[in-house]
Each structure stands twice: as structure tokens, then as C-alpha cells.
Visitor: 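Sending over a structure as C-alpha cells; questions will come in a sec.
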Protein chains: 2
Amino acid sequence: MLHAVVGRGQSLKAGEDIVREGDHTDVVHVILEGHGFRYKTLPDGKRQIIGYLVPGDFCDLYGFLLDKMDHGIAARTHCQVAELTEDHILMLTSRPSLARALWWSELVNASILREWLVNMGRRTPSARVAHILCELLVRLQVVGQASADSFRLELSQSELGDTVGLTTVSVNRALQRLRGANLIQSSGREIVIPDVAALKAFADFDPGYLHFRQDREDHS
Amino acid sequence: MLHAVVGRGQSLKAGEDIVREGDHTDVVHVILEGHGFRYKTLPDGKRQIIGYLVPGDFCDLYGFLLDKMDHGIAARTHCQVAELTEDHILMLTSRPSLARALWWSELVNASILREWLVNMGRRTPSARVAHILCELLVRLQVVGQASADSFRLELSQSELGDTVGLTTVSVNRALQRLRGANLIQSSGREIVIPDVAALKAFADFDPGYLHFRQDREDHS
DNA sequence: CGCCGCCTTGAGCTGGCTCAATCTGCGTGG
DNA sequence: CCACGCAGATTGAGCCAGCTCAAGGCGGCG
């Protein structure tokens with residue numbers, strides 16, 4: 001359905017910003033292909049990643065309704081993004097079912113943020129990393145980019161650390177513990193999970209917060 | 001405007017649950033008076049607070065649209081809450097300006113969650129606590145419950161810890177550091193901030209993420 | 001007066017952080 | 001085809017802050 005609407009699109013290289021903090025854009029970006037993340041940078045240069053974006057996700061409905069973006073969005077792989085103008089958005093939201101789907105997806109985003117907060121605040125380093133891996137497995141499965149027990153991790157250990165509030169060194173050691181317990185196997189960026197249930201149990205992962213539904217509106 | 005619509009309401013004592021995790025309610029709760037918080041509990045009993053609620057906030061628009069609540073909501077003071085039925089909600093959302101205001105408030109909630117994530121992930125314990133105090137100051141000012149430089153903190157140190165990912169002991173020591181630096185003065189639950197700008201600078205607090213506007217829709 | 005929740009303090013442990021070096025895989029230019 | 005450079009992964013040493021455990025202290029309330 002988006003295809004009928006999308007006029008302009010753009011292609012971005014890994015590492016480029018899709019939206020910069022402080023921007024007020026008059027267009028809304030949608031990821032068609034590739035992976036990205038939302039982030040904030042602190043005065044001392046530290047970075048916190050505050051969300052992952054997979055194909056189909058809206059980047060900045062947000063900055064469109066609010067005054068300006070309070071965070072940036074970066075591409076972590078090559079990305080193909082669509083740009084929707086105000087007219088497109090008005091057209092989409094004029095259909096109640098679509099407007100509802102957009103609202104719904106924002107609520108799911110907020111739900112993910114709450115779970116991340118729990119993750120950072122109250123879980124051990126290994127469980128934090130394991131939890132993120134479980135989330136990625138499930139989210140990538142939904143968009144057809146993961147098998148039942150493996151996926152390609154498009155994140156450096158430093159980016160993982162910026163996600164879960166650890167240093168690169170600690171992420172590395174957490175991954176080693178997970179490998180040692182045979183909860184994951186990894187060769188390069190490929191993550192294989194020998195026993196998905198075991199990893200989920202270790203991470204205290206309950207996919208409920210992702211709120212998948214059968215009748216989910218399809219963004220494609 | 002709500003007053004015209006609110007049929008039933010209820011009165012809750014401090015510590016009671018307003019909504020329990022897993023509930024699917026057919027009504028939406030709105031806080032009229034008092035303070036509450038959202039929280040999740042982990043298998044090992046640890047708790048993470050994932051949001052504060054002040055008068056005017058909607059508790060569970062969320063569980064209304066999604067299948068079920070993935071977190072609980074507790075009253076931290078005596079609370080007066082309104083219960084809106086599906087009819088009420090449909091009536092509210094049928095007015096574009098109101099529907100837009102509701103959406104807007106959900107986006108602001110998500111923005112606050114992102115800032116909390118930054119807070120937990122990348123700031124020192126003292127700065128975390130200071131940041132929460134700054135946020136409370138500003139949010140309570142907006143609802144007329146804080147002066148220019150002081151407010152009543154309706155949270156125990158343990159609840160503060162569950163908010164920012166610290167233990168009670170660490171919160172206590174963080175507060176002592178803030179007092180020692182004369183960034184705050186506190187007698188019991190009353191917080192006085194001698195130099196608001198100094199505290200904000202220390203906490204790296206930029207109220208932008210709260211997205212206040214002049215033309216904000218009033219929930220009263 | 002005694003209870004209870006919450007705040008405060010102390011001692012000691014440990015795990016996460018910092019700093020820093022090394023290794024590895026991969027793409028580039030010669 | 002090989003040397004070089006770079007980004008990211010890995011490892012080690014040592015520090016120290018936040019955690020755990022535990023013991024008071026304090027104030028409000030029945």
C-alpha cells in the first residue's frame with residue numbers, strides 16, 4: 001500500500017544519519033530496507049541508543065507532530081527509506097483503520113521502551129544482552145529476516161553496549177559468558193541460538209511487550 | 001471538559017493498584033488528583049518504575065487499544081481517578097482536536113521514556129537522581145503543584161531507586177552528595193532547590209523532551 | 001508507649017569501568 | 001598478490017563505585 005503512495009525515497013550508507021537531532025522535518029521517513037537505530041548523545045560524548053528500527057518502521061511521525069526531534073536516527077546498514085509528505089500522512093490518517101494502526105505501532109514502541117528500561121535498570125549484564133538478542137530474534141522473524149533460531153546481528157559490541165548501558169568490554173565478556181553457557185553460538189555477526197527457550201528463560205524474556213497480532217496492519 | 005463526561009470515579013489509598021499487570025480493562029482511567037507510577041515486577045521480586053503519573057494523565061489508553069496491560073499502575077498518594085468507558089473514548093476521539101491531543105500526549109510519554117533510558121544508561125547516580133528531581137519540578141509546576149524552586153517529593157528513596165536503577169542505599173548517598181554540593185535542600189519530603197539552573201546543569205537536564213506547548217489541550 | 005516504615009550509616013565484597021595492548025578480518029593501494 | 005591501515009573484537013591489570021548485609025535512628029500513628 002505504501003508503494004502506491006511513496007514518491008521520493010533515498011538510499012543511505014551504513015553510518016549515515018537518517019534524521020538529525022533537533023530537526024523539524026516536513027516529511028516522515030519510513031524504513032523500506034535496512035536497519036537503523038535511534039540515539040541521543042550526551043555533552044560528554046557518551047551515546048545511548050534508544051530504539052532499533054527494522055523495515056516497515058516509521059522513523060519520525062514523532063517530529064512531524066511534535067515541534068522537533070529530540071533524538072537522532074542513524075542507519076546501521078545500508079538503508080532504503082521512503083519519504084512521506086504531509087499530504088501522504090493526511091491521506092493515511094484519514095482512513096480510520098490506518099490511523100489506528102499507526103497509533104497502535106506508537107504504543108508498541110512505547111511498550112518496548114518500557115521493557116528496555118526494565119532491562120537496563122534491573123537485570124544483570126549477561127541477561128541484558130541476552131534479552132536484546134531475544135528481542136532481535138523475534139522482531140527480525142516478524143519481518144522475515146531471521147530463522148527459527150538464528151539471525152544476523154547488525155550491531156557492533158560498542159553499539160550493543162550503548163543500548164544496554166554497558167561498556168564494550170563488559171558486552172564482550174557478557175557474550176563470552178553466554179557462549180560459555182552454550183546459550184548462543186556466534187561466528188562473526190551470525191548469531192545462532194541452540195536452545196531458544198533456554199535463552200529466553202535466562203533473559204527473563206516474555207515477548208508479550210512486543211504485542212504481535214495476527215490482524216496487524218501491514219505497512220508494505 | 002472531562003467533568004462533563006466522567007460518570008464514575010473512584011478513590012484510592014496510597015499503595016493500592018489502579019491497574020494490575022495483565023488486566024484488560026474496558027475502561028480507561030484518568031488521574032484527577034494524586035500521584036501514581038507505572039511499574040513492572042521481575043521474577044526475582046525486583047521492581048522497575050517505568051513512569052510517573054500526575055493529575056490529568058491517562059493511565060491505560062494503552063491497555064484499551066492493545067490486548068492487555070503489560071505493566072501495573074500504583075497510587076503513591078491518595079488518588080481520585082475517573083473511569084472513562086469505551087463510549088466516552090469514542091466520543092473524545094471523534095473530535096479531531098482531542099484525538100490529536102491524546103496522540104500527542106502518548107508521544108510525549110514515549111519521549112520521556114527515551115530520556116529515562118539515557119538517564120539510566122549513561123549518567124552517574126547523582127546526576128540520575130538530580131535529573132529526576134528536575135523533571136518532577138517542571139512537571140509538577142505545569143500542573144500547579146510546585147513553586148519556582150520547590151515541590152513535595154511523593155516518593156520514598158526506595159521508589160526513587162526503582163526509578164533510576166539504584167539501590168536505596170545508593171539513592172541515599174546520591175542525595176547526600178546533592179545536599180553537600182548545595183544543589184538541593186530537603187527536609188522530609190519537601191525538596192527545595194536553591195539554584196535551579198545549577199541543578200539542571202549538573203543533571204544535564206534539558207526540558208525539551210517534555211515538549212510543553214502553550215496551546216496544549218487541557219484535560220480538565 | 002510501642003510498632004512500623006523509612007532514612008541513615010558502616011563494613012566489606014565484587015563486578016563493572018578505565019586504560020591499554022594485542023589480535024583479527026577485511027578492504028585498499030601498490 | 002602482498003603490505004598496510006582501520007575498525008572491531010579480545011584480553012589483562014588494577015581501581016573503585018555500587019551492591020549486599022546488617023545495625024541503628026527517627027518520626028508518625030494507633
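The shown structure was predicted, so the numbers you read here are calculated from the model rather than taken from an experiment.
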Visitor: Tell me whether the OP1 or OP2 atom of dG16(C) has a side-chain N or O from Thr167(A) closer than 4.0 Å.
Guide: no
Visitor: If I take atom CZ in residue Arg128(B) and atom C1' in nucleotide dC19(D), what distance separates them, rounded to the nearest angstrom?
Guide: 13 Å
Visitor: Using a 4.0 Å heavy-atom cut-off, does Gly165(B) contact any base of the nucleic acid, only the sugar-phosphate backbone, or nothing at all?
Guide: sugar-phosphate
Visitor: CZ of Arg123(B) versus C1' of dG18(D): gap in Å, rounded?
Guide: 19 Å
Visitor: Between the base of dG12(D) and the side chain of Arg173(A), is there a donor and acceptor pair under 3.5 angstrom?
Guide: yes
Visitor: Above 12 or not: heavy atoms from other molecules or residues under 6.0 Å from CZ of Arg20(B)?
Guide: no
Visitor: Mind calculating the distance between CD (Gln157(B)) and C1' (dG25(D)) to the nearest angstrom?
Guide: 14 Å
Visitor: How long is the line joining CG of Asn172(B) and P of dC19(D), in whole Å?
Guide: 13 Å
Visitor: For Arg76(A) and dG8(D), what is the distance between atoms CZ and C1' respectively, to the nearest whole Å?
Guide: 16 Å
Visitor: Give a yes/no on whether any side-chain N or O of Arg189(A) is located under 4.0 angstrom from OP1 or OP2 of dG25(C).
Guide: no
Visitor: Base, sugar-phosphate, or nothing: which does Arg179(B) touch, judged by heavy atoms less than 4.0 Å apart?
Guide: sugar-phosphate
Visitor: Are any of Gln176(B)'s side-chain N or O atoms less than 4.0 Å away from OP1 or OP2 of dT8(C)?
Guide: no
Visitor: Mind checking Gly161(A) for me? I need base, sugar-phosphate or nothing, with any heavy atom below 4.0 Å counting as a touch.
Guide: nothing
Visitor: Do the numbers put Arg76(A) on top of the ring of Tyr52(A), so that NZ or CZ is under 6.0 Å from the six-membered ring centre and no more than 45° off the axis?
Guide: yes
Visitor: If you measure from the Lys or Arg side-chain nitrogens to the Asp or Glu carboxylate oxygens, is any gap between Arg123(A) and Asp44(B) under 4.0 Å?
Guide: no
Visitor: Under 4.0 Å between a side-chain N/O of Ser170(A) and OP1 or OP2 of dC17(C), yes or no?
Guide: yes
Visitor: Starting at the 5' end of DNA chain D and moving along, which residue's nearest nucleotide shows up first, Arg122(A) or Val169(A)?
Guide: Val169(A)
Visitor: Round to a whole Å and report the spacing from CD1 of Ile184(A) to P of dA9(D).
Guide: 12 Å
Visitor: Is Asp162(B) salt-bridged to Arg122(A), cutoff N-O under 4.0 Å?
Guide: yes
Visitor: Can you say whether the rings of His131(B) and Tyr209(B) are parallel (under 30°), tilted (30 to 60°) or perpendicular (over 60°)?
Guide: parallel
Visitor: Between Arg177(A) and dG15(C), does any side-chain N or O lie under 4.0 Å from OP1 or OP2?
Guide: no
Visitor: Which is true for Leu175(A) with a 4.0 Å heavy-atom rule: it touches a base, it touches only sugar-phosphate, or it touches nothing?
Guide: nothing
Visitor: The side chain of Ser156(B) lies closest to which of these nucleotides: dG8(D), dT8(C), dC6(C)?
Guide: dC6(C)
Visitor: What integer distance in Å separates Lys46(B):NZ from dC19(D):C1'?
Guide: 10 Å
